Amino acid sequence: MATDRVQARFEELRRLINHHNYRYYVLDSPEISDARYDALLRELREMETAHPDLVTSESPTQRVGAPPLDEFGTVAHREPMLSLANAFSLEEFVAWQKRAERLLSGRIFDMVCELKMDGLAVALTYEDGLLVTGATRGDGYRGEDVTLNLRTVRSIPLVLPTGGRFPRRFEVRGEVFLTRAGFKRLNEERAAQGQPLFANPRNAGAGSVRQLDSRVTASRPLDIHIYGLGWAEDGDIPPTHWESLLMLSSLGFKISPHSVRVETTAEVEAFYQRWLEGRDDLLYEADGIVVKMDSFELQREMGAVAREPRWAVAYKFPGIQATTRLLDIGINVGRTGSLNPYAILEPVSVGGVTIRQATLHNEDDIRRKDIRIGDTVVVQRAGEVIPEVVGPVVSLRTGQEWEFLVPPRCPACDTSVVKPEGEVISRCPNASCPAKALERLRHFVCRGAMDIDRVGFKLCQALFEAGLVTDVADFYYLTKDHLLTLERMADKSAENVLASIERSKCSSLSRLLFALGILHVGYEVAYVLAGHFATMDRLTAASQEELSAIPSIGPKIAGSVAAYFQEEDNHSIIDKLRRVGVNMEQPLAVTVARLPLAGMEIVVTGRLESMTRAQAESRIRESGGVVGSGVTRRTTHVVMGANPGFKSEGGRALGTTIIGEEEFIRLMEEPRYSFQAAHSQHPGKPIRLT
Ligand code: IVH
């Protein structure tokens, strides 16, 4: 039997490890180093080995998974796990809202907007503060018992804080998912081991939760966002969904920091648009937003029809993935002569856009993903980027597929292609390959480069074929008469084209450098070079040594930049550009320090460890922030201390972020700057800073 001292240390270790798990996995803000954490865990393990009677299932050492099961047991859901009605447009969302208002006889209701995570729905049951069951959704009425697996997900609390206020038995529901980075890492590992790859994070996440061997689940970087209460007994719950999320957060559950409480259609639409545009910035995949009625009483009144509640709706983003057949692989010659394979697809609609072609990156990528001509493939379209082939659906192979081989000669000029040792891309070495010249023009005008928006690919091609533009400087020597010789070019559009070319003369040096298409000079590198040298003259005079001395410029880039400026042809292009008044300087940016909390309104709740409430409030004010007394639509951050008082007066919060003490302190200490252009060479025409 363990002595009292052992018992006390044992309990302390468990408390500490649970606390640090919470900091790390729920708040994303660890307080101690990994090594320190490992030491605590090791000490606990050793103690448990010496005193096996101390081990209980909620010990943090028990998250490693258990021996495999033959099959999952089933769990009956006490309240069915419903699915959601979908809205695919603002009109459809408004129709949902109107119908809800009608059913409530015109009473208006608050709503909570959340992201719709693309993962696997689970239900977690807690009894007396301990996790007892974790289940999948299954058919909505019965799910699989995946308790052992879910216990390995570090952001799921196994025990709730002692002294916390929560019902004796209750169920929370949420979405388990893999982050995009976790998915990428997992697939890389699988590729290295020659195992088939997962098509997307959703499949990988769902597959990881539904593993009979929970040790496999434990090895996968799974995360969860809790999006609501299922049911509760023996204890009070708040009257609204929003407050129940705050309560769950205070109990250590991970809830999405992006959820907001709103009143109007316009706010819902703003939230939708915010994340439609920003979804690529999320660490995980979201396929829409979910809008829920806030009041539980109104939710009850609304009830459900069929298997969908009437109090919630999923307002979906246009889909980004679909499967189709890879009919063939074509080759484009890039501006650096790279042979870029692209997929020729059986046309398929992805999020309302028909896709016929998609990028395949490079031949190594095709080989790594084992994509074969004739395969059924998953294609993906994200934001405005070019659609890409994610990978093959190996299970649908018929044996009629064949491997792709890079052609030995350039498809545009028939020169033999080269592939230097260690490079992943084959290139056409011919300096005057017409495909390269055209691609250089196309790159020059594109949005991230000189942004000549009236000159698209078709016009580049027409100008090139007519011999009117052969290098990038020729754009600036075009006249209206030239343009009018082209087919389908009217007076007005010719003027617009010329105006658009004229405007581009004020682009910053960084844009110009990027636009020139120097090998290995992407936008970031161009920005570094322009910031360092400030003028084209200084840059062209720089030696390779000077270039490689710049932080973040390696020898490969330095070599390629130096080589570019040694070429006579390139000098003559730059001279031609200079003669017509294209800007060759980087505008100076002056850095203006701002107070770290400027523009923020912060509510502190609970006890902070390193300062009193009064100190926290005066630090917020000193740092330029506003102290809020309750959560309102103006609140930008809620600082959660220990035992947070449950802010039942909590109002609507659009874009409120919940942070811990550590992050709060970091926020105040972080210097913040804003940038302003200090001078411009073209008076009256400010140079674009970025
Ligand atoms: S609420 C009755 N909230 O979407 C309410 N679901 O199509 C149903 N999902 O099975 C769930 N994010 O897996 C809700 N913030 C969120 C969600 C969410 C993702 C999933 C969930 C559910 C499916 C419904």
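As the structure lists them, so they are numbered: ligands from 1, and atoms in each ligand from 1. On a predicted model such as this, the values are computed, not experimentally measured, just so you know.
At a heavy-atom cutoff of 4.0 Å, ligand 1 is contacted by no atom of E308, backbone or side chain.
Nearest protein heavy-atom contact of atom 15 (N) of ligand 1 is E114 OE1, 2.8 Å. Among protein heavy atoms, the minimum distance from atom 2 (C) of ligand 1 is reached at P309 CG, 3.3 Å. Nearest to atom 23 (C) of ligand 1 among the protein's heavy atoms is K116 NZ, 4.0 Å. Nearest to atom 3 (N) of ligand 1 among the protein's heavy atoms is K292 NZ, 3.0 Å. With hydrogens left out, the protein atom closest to atom 7 (O) of ligand 1 is L84 N, 3.5 Å, a heavy atom.
A 4.5 Å side-chain heavy-atom check between L90 and Y315 finds at least one atom pair inside the cut-off.
Remark: the backbone N or O of R325 is not paired with any side-chain donor or acceptor of T376 at under 3.5 angstrom. At distances below 3.5 Å, at least one donor-acceptor pair connects side-chain atoms of E661 with backbone N or O atoms of E609. In terms of modelled atom types and a separation under 3.5 Å, the side chain of S59 and the main chain of T56 share no donor-acceptor contact.
Of all the listed residues (W311, Y227, F177), Y227 holds the heavy atom that lies closest to atom 18 (C) of ligand 1. Between H225, M117, R173, E175, it is M117 that holds the heavy atom closest to atom 12 (N) of ligand 1.
Ligand 1 is approached by L115 to a heavy-atom distance shorter than 4.0 Å.
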Test ring-ring contact (aromatic ring centres under 6.0 Å, His included) on F177 and H225 and set out the steps. CA-CA 8 Å; F177 58 89; H225 276 174; 5.2 Å; yes
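Ring centroids of F253 and Y227 are separated by 6.0 Å or more, keeping the two rings apart.
Stacking of R180 on the aromatic ring of Y284 is not recorded, the 6.0 Å distance cut-off and the 45° axial limit not both being met.
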